[in-house]
Every structure is written in structure tokens, then in C-alpha cells.
Amino acid sequence: MRIACPFCGARDSGEFTYLGDASPKRPAAPLDGGAAVEEQFYDYVYLRDNVAGFTREYWYHGGGCRSWLIAERSTTTHEFKSVAAAPGAGAAKTAQAGER
Amino acid sequence: MEGSTRTVAGQSHRLGSGGQIDRNAPLNFTFDGKTMTGFAGDTLASALVANGVRLVGRSFKYHRPRGILTAGPEEPNALVELRTGARREANTRATTAELYDGLVAQSQNRWPSLRNDLMSVNSLFSPIFVAGFYYKTFMWPAKFWEALYEPAIRRAAGLGKTAGIADPDHYDKAWAHCDVLVVGGGATGLAAALAAGRAGARVIICDDDSRLGGRLLSDGGEIDGIDALDWLQGAIAELSSLPNVRIMTRTAVFGVYDGGDFGVLERVNDHLPQPPEHQVRQRLWRISAKRSIVGAGAIERPIVFPGNDRPAVMMASAVRTYVNRFAALPGKRIALFVNNDDGWSTVDAIRRAGAEVAAVIDPRGKAAVGDYSGVRVVQGVVSDVGGGVDGVSSVTVNGAGGIQKIEADCLAMSGGWNPNLALSCFHRGKPAWRDDIAAFVPANAPTGMTMAGAANGDLSLGACLRTGHAAGAMAAAEAGAKGKAGNAAKASDEAFAIKPLWHVQVKGKAFVDFQHDVTASDVQLAQREGFESVEHLKRYTTLGMATDQGKTSNVTGLAIMADAVGRSIADTGTTVYRPPYAPVAIGALAGHNRDENFHATRLTPSHHWAAERGAVFVDTGLWKRAQWFPLPGETDWLQSVTREVLAVRNGVGFCDVSTLGKVDVRGADAGTFLDRVYINAFASLAVGKARYGLMLREDGIVMDDGTTSRLAEDHYLMTTTTAKAGPVMQHLEFCRQVLWPELDVQLSSATDQWAQFSIAGPRTRDLLQALVDPSEDMSNEGFPFMGVRTVKLRGGMDARLFRISFSGEMAFEIAVPARYGGAMARNLMIAGEPFGVTPYGTEALGVMRIEKGHVAGPELNGTTTAGDLGLGKMASKKKDFIGRVLSQREALTAPDRQVVVGIRPLDKARRLRSGAHIIPKGGIPGPETDQGYVTSVCFSPTQNQWLGLGLVSHGAERHGEIVKAHDPLRNETYDVELCSPVFYDPEGVRQRA
Amino acid sequence: MKYSIFSLARAALSSHKNWGRAWRDPTPKKQYDVVIIGGGGHGLATAYFLAKEYGIRNVAVLEKGWIGSGNAGRNTTIIRSNYMLPGNTGFYEMSMKLWERMEQDLNYNTMVSQRGIINLYHSDAQRDAFARRGNTMRINGIDAELLDAVEIRKILPFLNYDNARFPIMGGLMQRRGGTARHDAVVWGYARAADQLGVDIIQNCEVTGFQRSNGRITGVETTRGTIGAGKVGMAVAGSTSRVAAMADLRLPIESQVLQAFVTEAIKPLIPGVVTFGAGHFYVSQSDKGGLVFGGDLDGYNSYAQRGNMPVMEDVCEGGMAIMPMIGRVRLLRQWGGIMDMSMDGTPIIDKTPVDGLYLNAGWCYGGFKATPASGLVFAHLLARDEPHEEAKRFRLDRFRRGAMIDEKGQGAQPNLH
Amino acid sequence: MPDFLWNSQSPLEKAVIAGRHGAGKGTPGVSLSHVGDIALVQVMARRGRNADVAKAAKKLFGTETPAMLKVANGKSATLIWSGPDQFLAFSQQPRSAPSLEQMEEAFAGTASLSNQSDGRCLIRISGPSANDALAKLTSLDLHDSVFPVGAAATTSIDHTAVNFWREADDAGANPAYAMLVFTSFADTLWHLIVDSSLEYGVEVAAIGAGH
Ligand SMILES: Cc1cc2nc3c(=O)[nH]c(=O)nc-3n(C[C@H](O)[C@H](O)[C@H](O)COP(=O)(O)OP(=O)(O)OC[C@H]3O[C@@H](n4cnc5c(N)ncnc54)[C@H](O)[C@@H]3O)c2cc1C
Ligand SMILES: NC(=O)c1ccc[n+]([C@@H]2O[C@H](COP(=O)([O-])OP(=O)(O)OC[C@H]3O[C@@H](n4cnc5c(N)ncnc54)[C@H](O)[C@@H]3O)[C@@H](O)[C@H]2O)c1
Ligand SMILES: Cc1cc2nc3c(=O)[nH]c(=O)nc-3n(C[C@H](O)[C@H](O)[C@H](O)COP(=O)(O)O)c2cc1C
Ligand SMILES: [Zn+2]
């Protein structure tokens, strides 16, 4: 399997590691958030759609340019539809936290 | 090529002329100890045929005598143990093993000999040993299964014996890249490669065989008006002349993986007795191709009738191969049983070889086309085959004219052709049924793959050349090649007429799967018992599960099932096709990565120095670390380690700690960043200071710990544990790139840049004083605890010095660029010499951290919280950090959690062991009384006893309590005291001295 | 017909013409007390125990393909009870006890073979972790032995002791561990459940749930709507997909685990061996093939097939400890879809949807659980409360922080 | 006071055995060499400061920062692309290259630097069979059309990250490559490279010699 790193080009999958679904977003965590925030974090850390079909997911090109990537990939065919850099890969300036 | 029955001396069935063997290169070989001769160009099977050998093996279950059925990788019967000693390999197909001088082969799965195999009594029990019989019996008495039944079944099953000792050969793996991968070098593949190659595409053409040509080598014919073999020479010459084409023979494409990656096995040296020096036996290729064309040909299928498994019943196409390609005659009077026109073409081959055609039996009567005058033709079917272990003597025919017996010493059969479509199905595509050729053809091939020629159901030579060429031209264009593909070669489209005939329904054992002894009645039995799905059929009868994966049997078996159920074959469907297309040696899949090369090895900067001192090394992850440094006269590791610890505690010692992960964290927001990844504060850390930090996973569990120093306003140096250096780096990059892209932080691993040594013990300052430039202030005030700065060393060297302590002693860590690691070790020995400096290893390091109550790997086990480790107070209440929220969950803060405690045996002479469990004194061991366990132990020279750390429920409140260490694995139970985990200098006076 | 050597011999006289179907092929009824989705080992065992132990016989098992077509039919058949965390220990030992009498219970030879399992260790730290585990087992009444290199060498003389990258220092052995014939387990439960009246319905895919007032009342299938008092899900790798039909999100990801078998060879490897410093474990089937596997492919997948890197990784592991298998040929490579839970431990519980019950999260370890899983799930379905041995497998453990994480990898399924 | 000598030591000190190894006589298929004592600095642009980094690089090295997947040859250093908005400044003659301090000054506030002079080890491989040997080590496509002179990649060899680039062809017009491997892995990778080359015959240069 080859994964087209937007920086390095198509590379053997052995250079990458997988993290999982890229849709859950780390919730804001005010210090006095209480149970509601705990519930959001529970959802963020544990619950997954786990769809059969295309998903957006995190891959890390650790054996190459060390960029975190967001790939659209099918879990049924393993086909990659797109691979994009995480917002903070490289030095591009992103204005806002969590703008992604 | 006019053959003749004139034979070659000693080779009773070798034709006097013809064939594509080198008669000037005779080769000796032995089969079951008997010496025979063949020629270069032979396979073991063709040489056996040439020597008149019929009986070659025994079947899996009934141990029936078996001969050679095919001439290719689909062979189910003729499996041998090839070579001897450590190179002996089981189940090698004689039909693909190339002959070399001195080849040694043994038949297998028989005892005591092939001819007299006592296990063939199994055949007598065959009325009971039907499909699935073992599921119905051997249940009582329960104990007998492992003791009696199973060992007997296991001994009888299995096929060949493997050497049982390490494989002496080498293997490696490689990558290759191309625009167009062509699988198969028959007419189709050649046409495809020529078209794509001419167009300028980067082409790789692979063929499993030792030579290109495919069936052209067996069937000849005419292409572009010349002899097919001459055309073949021309095609090979043209391909060889194209720099963009790579030809790989003896190379099987065994798997199709995602995104155009192919698994490919090159048998580099299997045709030699053993690989030449510096060469591998086989090489695994991963070929990455933009497009692929599969011209893998078709596989002829048998007909199911009683006696069809007798030695010298052979596929018709195999008879042609032996005669035409190898000049070896499978029989001198050959009968044919065919249901299609292609089978009839065997008649020509037999006649040209000067052998006799006993009769052609065809349920259709005559062939649709062709001149077969003078051939005895019987419209009918074969209902039995006479003969013995050495082959066929007659065939019984049920024909229009009743039952008749025809004398013959070989029966050639053809039930039609199955396109070799496995590669098209490895992504779980299902083939489609085509009535006109009575076969499954590819459908839904993986993206980028084109099936062509016989593999796609285009069986005629003309069609193979046409479709191959078209596929090659198209693939090249799709891959971006701009050149011209030239013209397709031309040949005639011979007719292919077939009348399906799967099974001759008469009494008698009629085999579907030859190797696994699955008969037509087994298939029918499975149907009666409800195992109707082809997948159930397969698993219940083992049809298609043998070494050939049912290449000759699957379709026939499911046709019989379809008939039994009353469904069409198309509706019945095929079983799932799986890689590898042909079996692959495990050694090749491992390649170079075996023995000491299994994984890479990392060496510390002082490795060679330590090795010279005789250090004993230990594996920590990929690292080799000095575990201890034995001195002459020391016989026991504990002796050495104890000496090292005492040397540190009483004087000074040093240890290479370069393996700790080091991360340069730089940027304007480095402090903020660290505040978010650590539970404690770092933005507030002063430049020139170090601090211990703890980081959690988002689920609130401890991920890692280490000391992080602030070297400049915008520059921190983080250390991680040795084990977690990689994962932590990945995590930090995730935080930087995904969670907080707004922060200005840059990360770089500096682990390998620095040689870092811990120097510890009360004489540390003395040692350092000798090493550093006199201008450096090394006093407690000038270099306070947790201070960090660059110092000048004598002799002109800068070093980073960190005043941190893992051992609990007055200690520093000193770092110099890695190239000076060896020099640093030597200089530390020189500087410390007056103070008795002692190098120490990881073992002493471990002892001292346990004495000091510092947690490490065994406690940071992925299930403990900061609180469990006694570090809960470190967590800042003023900021958010990773893991903060979920660490507050009810079960992670429950009062009964197992937390770190110290543990010491009451009997001071008693050895404490890790993994012992803690149960209350007087408690009876059981799940309710199991309160925790010992995580780390050491013999503490300072306490003069074994002691340890543990995770024990309510541990923090139980210091002083006497409990039991329970260690049934080692048959030990003894009293221990729970105590503070800090055994040594609890006030921390020494490290601040 | 009862199976035995006598019935076999009798049948032989009539050319085996009189064997009937091992289980019926019924048309689905309109309504069942309990519908089990998934004709794998767990679903069929659940139906069997519902009928056998809880007297609930109006039960259907709905299977989208052929029974055993999921992970039950593609696993490496290892059974063991060498777990170390509360919740797992007792549960898997209960399962082991059920294995030990399965053949007699079911009147079906499932070839339960207790030839032993050995987990090799290669460092002191690993030995200590195994000591902790082995002692947990012993404290729970489960057999376990900690062997040193000398003892290992006696049992497994063919391992690489001389030039291994990671030396073999010893192993944790459970002699009662071993293997069972996976397909036979499916067929045995199917036949036994069928005989107790359970309807086993193949080629019947559940495509939706019927609900009324929030409660499940039945399932929609490719063979029509089927009413149900209660519905139990035991669909392993398809858990999230089926749960989504009831609008549930679960702490589960689906990943491929591959397995491999070699050509059949004469007996070579006595029991089950696992490599502690790489990804490789192996046993030999009765037919003679070395059945082996290793790590997950590492990314979410429903493809039911694997890729090359893991095949190579596994074979490297194999060659690292058993260089004698270099010339043995790999015959077949396949994959199954694992319902990887966030802590690597199963979930057996009611769901937030009334009438819908969940049996999932078995990861790569649920074959050994088959009998116990069936029993406790039947208990839950029948009694509406968890079985004593499955109390800790509840869904809310993630919310509460009571994960059962044997590997200590946290909420990252591909690392379990 | 004793004298302290600070001899530098290559991680390949034990591994490199100069001379001819493996098959055949005549022209070796593969030539291998290693030079120690290099200067190497990782330069990572600060957020939003790419353009400034390019300017500073131009000033310091006389060349733009390297384009993606390329090498840029500067006056006193070769700049090797190593990831988005970062590169390695490499020099084989540390004395004539800008010092770390000069670099820190030149890139102050615009890039974060990390000294890797000792973190990586330089290995060169060339020869008529270099591509065949490399095919066993790297999954990169090294065909001229894909990986011409001046191409660079960060990739993995034996699961270990390396910086890899193609240099000018050697004297025999054979392709020549350089790679920077992590120091602690150097010994193991060197052996792997030698093993992969043996069948072609390999000439190993003494440390410091070679190109
Ligand atoms: C390669 C591999 C090796 C393994 N090795 C081991 C091992 O050595 N030891 C061990 O203990 N465990 C092992 N396992 C794990 C074990 O196989 C599984 O955990 C266990 O089989 C799961 O339970 P099951 O048998 O009920 O699942 P399955 O057999 O998968 O049953 C689920 C069934 O549900 C059906 N289904 C799905 N969706 C629907 C629907 N919508 N409608 C109707 N039916 C549906 C499926 O077709 C399937 O038949 C392994 C698994 C794999 C893949
Ligand atoms: N008229 C008929 O009834 C009939 C039937 C079948 C075949 N044929 C003849 O057979 C020939 C078919 O030509 P073709 O080129 O399609 O097939 P082929 O059989 O001539 O060649 C296929 C080649 O592919 C190779 N191969 C197969 N699988 C491979 C793999 N996985 N990896 C590497 N190599 C692999 C084989 O070794 C073989 O050399 C034609 O000459 C055709 O006329 C005729
Ligand atoms: C324990 C076990 C042993 C197996 N032995 C064989 C075997 O000897 N021959 C074979 O072809 N397949 C064997 N298989 C693999 C099956 O053929 C099949 O590939 C696997 O069950 C997955 O099913 P699928 O390939 O139909 O998807 C075995 C599978 C298992 C689980
Ligand atoms: Zn990249």
C-alpha cells in the first residue's frame, strides 16, 4: 500500500503510523467544566462512528517528513481519496486554535 | 520436430529427438534412492516421466498411489521431499522443480516405502473415513483425544517432513517500480509486454517458469506466419533490447495488494544444488505498478470418474507438454478422455512422437474440427481405469456400443479449461460464469488490473495475442507512455467447442480433489448433511484446501454440488480466492530479518568502550545497554551489581544514559506547549533550570515521565524514557500539528546527538572539579540542585551539565556531542580515578532508583494514574493539560486503587520477587484477597536485603502493615511489610548536598 | 441421529445415504422470543444456552451468509485462560471449563486439544510481567507455570537459542491451553441448538430494527421482517454497522487481523507458542498446516483481507524464533474483521435501546470465549441482568474509568 | 591535573572494514564510504516565517532554501529538504561552514535550529549496482526519471528514518547517493547495506576517504 504524503509523494505504508478517526475534536476544557465536559471527553476519546466506507483519519509520516496527515480513505477498499496535511504541519501560520 | 519412439539410453520414455532440453547436458538425480538421468531443461517430473516412473506419491488421507497429473504449479499429486539435511523441503512439486545434477528427491507420506505403504490400510476404512467422519466420533473417553486419537491422526496426516533444523540459506527482499506489470510470459503476456514496452512504458514482465513462452513451449503453433517458437525467440530478443523492459523469469506474482502493490517471489537459485556464495536462495519483491496485465493462462481441469486418480492418468495438456517440451513420453499407448476440441490436439502430439493413440473417448463423439482420421473414436465416457500402483493398463468405456475395455498405459483427460483468474479475485472480487467455455471468467478485477488472453477466457492463440497487445497498449497509455505500441502479432483463432462433463455417475471412487482424497460422493454427502454453501463444502470435506488450493479441483467440485442441489453453477459460486497464488517459503517472506538481524540494533556512544571493558549488555527495546561491568573474579551478576551500587553510594560512578529520549522543543510558545502536555507547569521554569515532568494520555493514564530543562527563553530540552522516546515524539507532533497549530513550536529529536552520562555519588563534585575548567563554579550555590548550564571542560570541550539525580545521590548528568562519547567515558575514568570511580550499568541504576522509590517502566505500565504513582499532587489546578479531564473519572480516583508502596520481606535473608502478589496476612489466596503485586525488586546493598516496590490497594494508608507476598508460581509465600517507597535518604539530603 | 463410531459404522453399510442435515433449513417465523443476530460461534452458543439452560427455545439465529463465515471461521483457534485482570480471569476460566466438556455436551467432536500454550519471554521485565500474570492465574485456580530457558528447551528444542536477536529466557505456560477445531465449534453448536428447537436462518441479513415506543420489536432482514421480544447482537466485526441501525455509537473500531497457514507437514510443533519480542504465534493443525499470525494490520478496515507488511512482519517473527520454518511454505493468507474495543476487552451488556442487547468487543481473542460468551449472553437475555462472571464487561466502564486494559495501551484499538 | 583528550569517534569505527568484500573481482558493483566529523543543523521555520528563513538562508548560504524533495547547493553547505518548511544544512568541511552560533544569529526569531552534527552519520553508496543494492533497502523509486541528481527524500530503511539524496554521478558515470542515518543506528544499517551489496562485490573506503 502506498500513501501519497502531500509533501513527500507516494510512499510505502510502512513509513506511516495510524491513529484513527479524525472527526472527533478535542473539546474545550474549562477548569470548572464538571460532568458535562467529562461527558464530551468521554465521547471524544472513546466513541467512534467506525463507518464502512470513506472516513477521514489521522496518519503520521513518522518514517518520513514527520507530518501529521488527514486522509480520506475507504475502510472497505483501502482506497485513498485524498491525503492532506494537518493544519499545523510545517510552519504555515494558522490563526486560530482548532481551525481545521 | 519429428519425434520417434527411439529412446535415450537409460531413459526408457525419452524421445530420441526433439524437445527443448539440452541433450548435451545430462544430469544425474535420485528418486527414493534410485539413480536416474535427465537433461538440462527438465523438471523433476519430466525426468521421471522420461525414466518411465509412474508412481510418485501417496495421497493425504487414504494413501492411495499417485502419479504425475499435470506439468505445472497446479500439481496435486507429485509432491516430493527435495534435497537433504537442513535444506530438505517438504511438498515440493516435481512439476516445477528444475532438475540439477545431484538432485535428491524422496517420495513422502508413506511408510515404510512408496510401493508398500502400510498406511494405505486407510483405504480399507474408506467406507467409514468419509468427509467429516471425525466430527462424529472420537468423543469418548474425553481424555483419549490428546493422548491417543489426535496423535494418530496427526501422524497420518501432514504430507512431507520438513528438516526441523535452521534453514541454512539466505533470503532478501527488494522493491521494484514500473508503469506496467505483466504477469505471465505466454503469448498473451509477451504481446502485452511488447506493446507496452514499445510505447515506452516502464515494464516488468514476470513468469513463474524458468523460460518465457507459456503454452507456446508445449503447443507450438504458428504466429505471424512463422513457427511459434521462432516467433518467441524474436519476441524475447525484442523485449531484451528495450531498456525500459525488465524480464523476470522463475518469478511468480503471488499476491495483489492495495494500491498496485504486488507480492512477487523470485526463485533466484532453486535450480542449483545450493545458492552460490553471497547469493540468496529466493528473493521477495514488492513491485509497485501503475497498471497490471494478467496473462496467467488457463488451467486444464480433470473429469471425475472412478479410477481417475491412478498413476498415469494425466491431463491432456500435460501429455503435450511432456512430449513436446521435454521429449518425454508419458505412455506408449495413450488413450484420451476429453469433452472439448483442445483435448483432441493431444492426438497430434502423441502421433508425432511416434506413440500410439489407443482411442479418443469423447461424450460428443468426434471433435468439432480437425482431421483425426485413423483415430479410434468412442462416443462415451470412461467408467473405470484398470492397473496397479505402477499405472494404467486399461480403461473401461461406457459408450454408445455398451461397455468396453481398451488397453492403454496412459490416459490423457481434459474436462475443459479454467481461466487462471486467482489474481483477479484477491480483492474479493467474484468471477462470473461463461457458458460457452463452461468456465468462470474474471469479473471485478482490482483497480488498475486488466485480465487478458486465456486468463480472461480468450482461449485461442489469436485472441491471446490480440487481447494481450490491446491490454499492453492501453495500460501503457494510461500510465502516461506516449510512444506507439506497434502491431499485434497474428495467429489463427482455433475453435474451442466444449460440452460440459463434470462427473461420470457410476459406482466407484471418483476423485475431485486428488491430494485431499475428496470424492464425488463426499461432495454429495456434504450436501445431504446441509453443508451446501460452497464454503461449508470446502471446510467439511477439505476440498481445495491442499497445497494446490484446488487449482484443478474447485470448479469441478462445485459443479457436482450444483448438480446435487439442483442449482446452476453460476448460482453456486466459487469459494474465496486468497493469496498466495502459489505457496511461498516463509524464509523468503522474512528475508534478511532473521537471527541477529531480526530487528535493528542501536548502540550507545560509549558502546565500544563498554565492550572493551567486558560489559554485559542487555536489550532495552532496540538498544544494547551495559547491564553491569564484571570485574575479574566476580562470578555472579549480583556481586558485580552490588559492588557498582556501593561504589556510587560511597564514592562516585557513572552510567551512559544516552538512550533516554531527548527532544529539542523550541519556539516562542514552547513553554505554553509544555504546560499543555505535562501535568505540571513549565512556562514558569527559569532558564537554566530543570524540572521533573509527568505526562498523561488523554484518558488520564500516565504516558511518560522525564526531566525537562529550559536552556533559553525559547528552548527547552525534554527527556523521555528510553522505551517511550518514539511514541512521545509522535504524540508531541500530534499536539503541535493537530491540536494546537496556533502555537509556535518546533520539535526535533536530539536523542542521537548527545552522549549523556549520569555521574553520581558523594564524590561527584570532586570528579567534576577535576574535569571542568577551573573557572567553573561547581559549588552548591554556583551549581544548585536542578540547575542546568553549559560548562567548559579541560582539554577544550563544552558540555551541558544538568544537576539532576535518579539515584538519590549527589549527581549530575553531563552531555557532550555523541562523537565524544567514548572520550567522555575514558576521561571520566581518568578524572575519577583518585576517587575510585566505577562505571555502572542499568542493573545498578535500577537498584538505586528502587532504593530511592523512583517509579519506572514496571510502574508506568499503562494502567496507572499520577495518583497511583504517588505523584497526584504534581497536577496543576491552574491549567488544562492532556488527560486532566478524564483522569478525574470515578474509577480512576477510587480510594481502593492500587498505589505504589515499598515492600520489604520481614526475613532479611529472604529474596523478594517481582510478580509476587500481595494478600492480607491470614488471607486465603483468591480473587477477593488479591490486593496487588510486586512491580520491581532489587537486592539493596544499603539496606542489606531484598526490597521492592509494588502496587497495592489502599497502599498509601498501609505503611507498616504486615502482609503476605504470595508467589505460587515459584512455590513461595512469605511475610512482607508495606512501607514508604523511599528506602534511601527519604529527606533527599544527599542529592542536594 | 446421535453421532458415534457405531452410528458411523452403521451408516457406512448404507453408503452414508441416511445422514440427515446437521441442522434444519427453516423458513423464518413471524415472531420469536429472542432473535440473535450473527451466526458465529457466539450467536449460536447463545442460542444453545438460551434453549438449554434458560428454557427459551423460540429463538432464531439470523446469519447474513453461511454460519461461521465471520471470525469464527477464520481464527487461529487458540483457547487459553491466561488473563490477569479482574473480570477477564474468571470469565475465561469459566470458558475453559466449558471447553473441557464441550464435545460430550454437544455430541460433536470439536477437537478440543489441550496441548499447552507457551508465551516466551525475552527480558527480565517480561518475565516479571508474566510472573504477575501467572500468579493471578494460580490465585484464581488456573494452571500456570513459569519456565526458564532450560525447561523451555526441553519442550521446544527447535527454537533459536543460539543467535537470536532477543534471547529466549523462558516462558509462561498454561498446559490446559491449546486449540479447537473452529468450524466444528460452529457446526456443533448449530446442530445442538437446532435439536433444541432453535431456528438457524442463513443468508438472512439484518438491515434494520423495528422499534415502537423506543423499544425494539423486531428486525428487518433480507428475508423480511421478523418480530422479536428481545434482540441480541453477536456480530463481532460488524458491530458498529449493526449498532448504527439503532443509532448507537460504541467504543469500538473495526480492524483486520490476518492469519496464515502453511502447507501440511508431519507433526513439528507440539502446542501453541507465542513470541514475546515480535509479532508471531503458531500452532499446528491436525491436518498438518502451521497456523500462525501476529499483529493487526493497524488501521480501520472492513475489507476482510490484509496487506503484505504484516505478513512479512509475522514471518520475520517466525524466522526469528524458529529458523527451521524457512523452507516451509505459506499456503494461504486471510483476514478477519476484529471488533476492537477501546480497552481490548469485550462488552456484554444491555444497550441504551430497550430490548437490544450487545455482545461485542472481542478483538482477536473471542474464539476462546465462545462457550462462556454464549452462556453469559444467554443469561443476560433471559434474566435482564449480567451474569456473575460478566459484571465487569459493561458498557459504562469507559465512562466510569473502569477499563480492563490488559496491554495498557489506552483508547487506541490498533495498539491492543 | 591529568590531560583530557577529546578524540572524536565515528559510530562506524568498528563497522567499516576497508577493502573489497563479497563476490567477484574487477570493478566492484557497489562502493561504500563514510566520512565522520560533519556539520549538520536542522533548520525549522518558525510559524509564518518561511519567507524570512529563505532570505536568511540566501544570505548565509548563497542559495534559496531547497525546494520540496530537492537539495540546494550553497556556498559552504548543502541544504537538504527534510520536511515541510524545514531542511538540513550539511557540510563536510565543518571548518569552512558557518558555525552554529552564526546560524543561530542568522535565523534568530525566524527558525528553530537543532544541531544534528552528531545525531546523524553520513554514508555514501555508488557504483553500477548501487541501485540494485538500494532496491533491497529503500522503497523509493530511484529511476532517473523519478529520482534524478539533486533529488532528496526523508524515508525509512529497515524501519528507521534516513535523509537520502542523490549526488552527482561518480567517475564511472554511475549513480551516487548519500544518506544521513541516526547515529545509534549507523552500525546496524551499515551492516545491512554491506550485506545487501555483497553479491555485486563491494569496495569499502577507509573512514574519511572516499568521495
Ligand atoms: C485471524 C483471526 C485470528 C483469531 N485468533 C483467535 C484465537 O486464536 N483465539 C481466540 O480466542 N480468538 C481469536 N480470534 C477472534 C475470534 O475469532 C472472534 O473474537 C470470535 O470469533 C468472535 O465471535 P463470533 O464467533 O460470534 O464472531 P463471527 O463468527 O464473526 O460472527 C458474527 C456473525 O455475524 C454475522 N453478521 C454480521 N452482520 C450481520 C447482519 N447484519 N445480519 C446477520 N448476520 C450478520 C456475520 O456474518 C458473522 O457470521 C481471531 C480472529 C481472527 C480474525
Ligand atoms: N484453444 C484452447 O482450447 C486453449 C485452451 C487453453 C489455452 N490455450 C492456449 O494457451 C495459450 C494461452 O496463452 P496465455 O499467454 O494466455 O497463457 P499461457 O498459459 O501460455 O502463459 C501463462 C504464463 O503465465 C505464467 N504464470 C501464471 N501465473 C503466474 C503468476 N502468478 N506469476 C508469474 N507467472 C505466472 C505461467 O508460468 C505461463 O508461462 C494460448 O496459446 C492458447 O491458444 C488454448
Ligand atoms: C485453523 C485454520 C486452519 C486452516 N487450514 C487451512 C488449510 O489447511 N488449507 C487451506 O487452504 N486453508 C486453510 N485455512 C484457511 C481457510 O481456507 C480460509 O482461508 C479461512 O478460514 C478464511 O476464510 P476465507 O478465506 O474463505 O475468507 C485454515 C484456516 C484456519 C482458521
Ligand atoms: Zn511526508
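Letters go in sequence order (proteins before strands), and every chain restarts at 1. Hydrogens, waters and symmetry mates are skipped; everything else that's a heavy atom, side chains included, is used.
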Could you check whether C/Arg21 pairs with B/Glu532 (Lys NZ or Arg NE/NH1/NH2 to Asp/Glu carboxylate O, under 4.0 Å)? yes
Heavy-atom distances under 4.5 Å only: say whether B/Thr542 touches chain C with side chain, backbone, both or neither. side chain
Toward chain C, the part of B/Val937 with a non-hydrogen atom under 4.5 Å: neither
B/Glu928 portion near chain C, given a 4.5 angstrom heavy-atom threshold: neither
Regarding C/Arg181 and B/Tyr135, do their side chains bring together a donor and an acceptor under 3.5 Å, going by distance alone? yes
Which region of C/Ala277, side chain (C-beta onward) or backbone (N, CA, C, O), has a non-hydrogen atom less than 4.5 Å from a non-hydrogen atom of chain B, or is it both or neither? backbone
Applying a strict 4.5 Å limit to non-hydrogen atoms, the region of C/Ala144 in contact with chain B is both
Do B/Trp145 and C/Gln114 come close enough that some side-chain heavy atom pair is under 4.5 Å? no
Surrounding CG of C/Leu13 (heavy atoms of other residues, nucleotides or ligands, distance under 6.0 Å), is the total greater than 12? yes
Is it the case that the side chains of C/Arg329 and B/Thr92 hold a donor-acceptor pair, with the cut-off being a distance below 3.5 Å and no angle test? yes
With a 4.0 Å cut-off on N to O distance, would you call B/Arg286 and C/Glu312 a salt bridge? yes
Enumerate the residue pairs fulfilling side chain to side chain donor-acceptor pair (under 3.5 Å) with a member in residues 154-166 of chain B, sequence neighbours excluded, ordered by first and then second residue. B/Arg154-C/Asp286
Which answer fits B/Lys173, side chain, backbone, both or neither, if we ask what part of it has an atom under 4.5 Å from a heavy atom of chain C? side chain
Could you check whether any side-chain heavy atom of C/Met111 comes within less than 4.5 Å of a side-chain heavy atom of B/Tyr149, counting everything from C-beta outward? no
Are C/Trp23 and B/Phe531 close enough that their ring centers fall under 6.0 Å? yes
Heavy-atom pair of closest approach, residues B/Gly915 and C/Asn135: O-ND2, 2.8 Å
Can you sort out the partners of C/Arg191 under side-chain hydrogen bond (donor to acceptor under 3.5 Å, both in side chains), two or more places apart, ordered by chain and number? C/Tyr3, C/Asn107
Tell me whether B/Asp169 is salt-bridged to C/Arg327, with the criterion being a basic N under 4.0 Å from an acidic carboxylate O. yes
Under 4.5 Å from any heavy atom of chain C, what part of B/Leu622 do you find: side chain, backbone, both or neither? both
Tell me which of these, C/Gly20, C/Gly317, C/Gly288, C/Gly326, has more heavy-atom pairs under 4.5 Å with chain B than the rest. C/Gly326
Any heavy-atom pair between the side chains of B/Trp140 and C/Gln104 that's under 4.5 Å? yes
With B/Tyr540, which of C/Trp66, C/Trp187, C/Trp19 fulfils ring-ring contact (aromatic ring centres under 6.0 Å, His included)? C/Trp187
Is the shortest side-chain heavy-atom distance between B/Ile586 and C/Phe292 below 4.5 Å? yes
What part of B/Asn91 is in contact with chain C, defined as an atom under 4.5 angstrom from a non-hydrogen atom: side chain, backbone, both or neither? both
Contacting region of B/His427 [heavy-atom separation from chain C under 4.5 Å]: both
If you measure from the Lys or Arg side-chain nitrogens to the Asp or Glu carboxylate oxygens, is any gap between C/Arg305 and B/Asp258 under 4.0 Å? yes
Answer yes if the side chains of C/Ser113 and B/Glu146 hold a donor-acceptor pair under 3.5 Å, and no otherwise. no
Please state whether the side chain, the backbone, both or neither of B/Leu79 comes within less than 4.5 Å of a heavy atom of chain C. neither
Region of B/Leu892 in contact with chain C, defined by heavy-atom distances below 4.5 Å: both
Applying a strict 4.5 Å limit to non-hydrogen atoms, the region of B/Pro579 in contact with chain C is both
Portion of B/Phe129 that has a non-hydrogen atom of chain C nearer than 4.5 angstrom: neither
Side-chain heavy-atom pair B/Arg528, C/Lys17 within 4.5 angstrom cut-off: yes
Could you tell me which portion of C/Asn160 (side chain, backbone, both or neither) has an atom closer than 4.5 angstrom to a non-hydrogen atom of chain B? side chain
Donor-acceptor under 3.5 Å (C/Lys266 side chain, B/Asn109 main chain): no
In the structure I gave you, are the side-chain heavy atoms of C/Arg165 and B/Asp619 within less than 4.5 Å of one another anywhere? yes
Any donor-acceptor pair under 3.5 Å from C/Asn109 side chain to B/Thr137 backbone: yes
Report which part of B/Thr547 has an atom under 4.5 Å of a heavy atom belonging to chain C: side chain, backbone, both, or neither. both
What part of B/Ala142 gets closer than 4.5 Å to chain C, counting heavy atoms only: side chain, backbone, both or neither? both
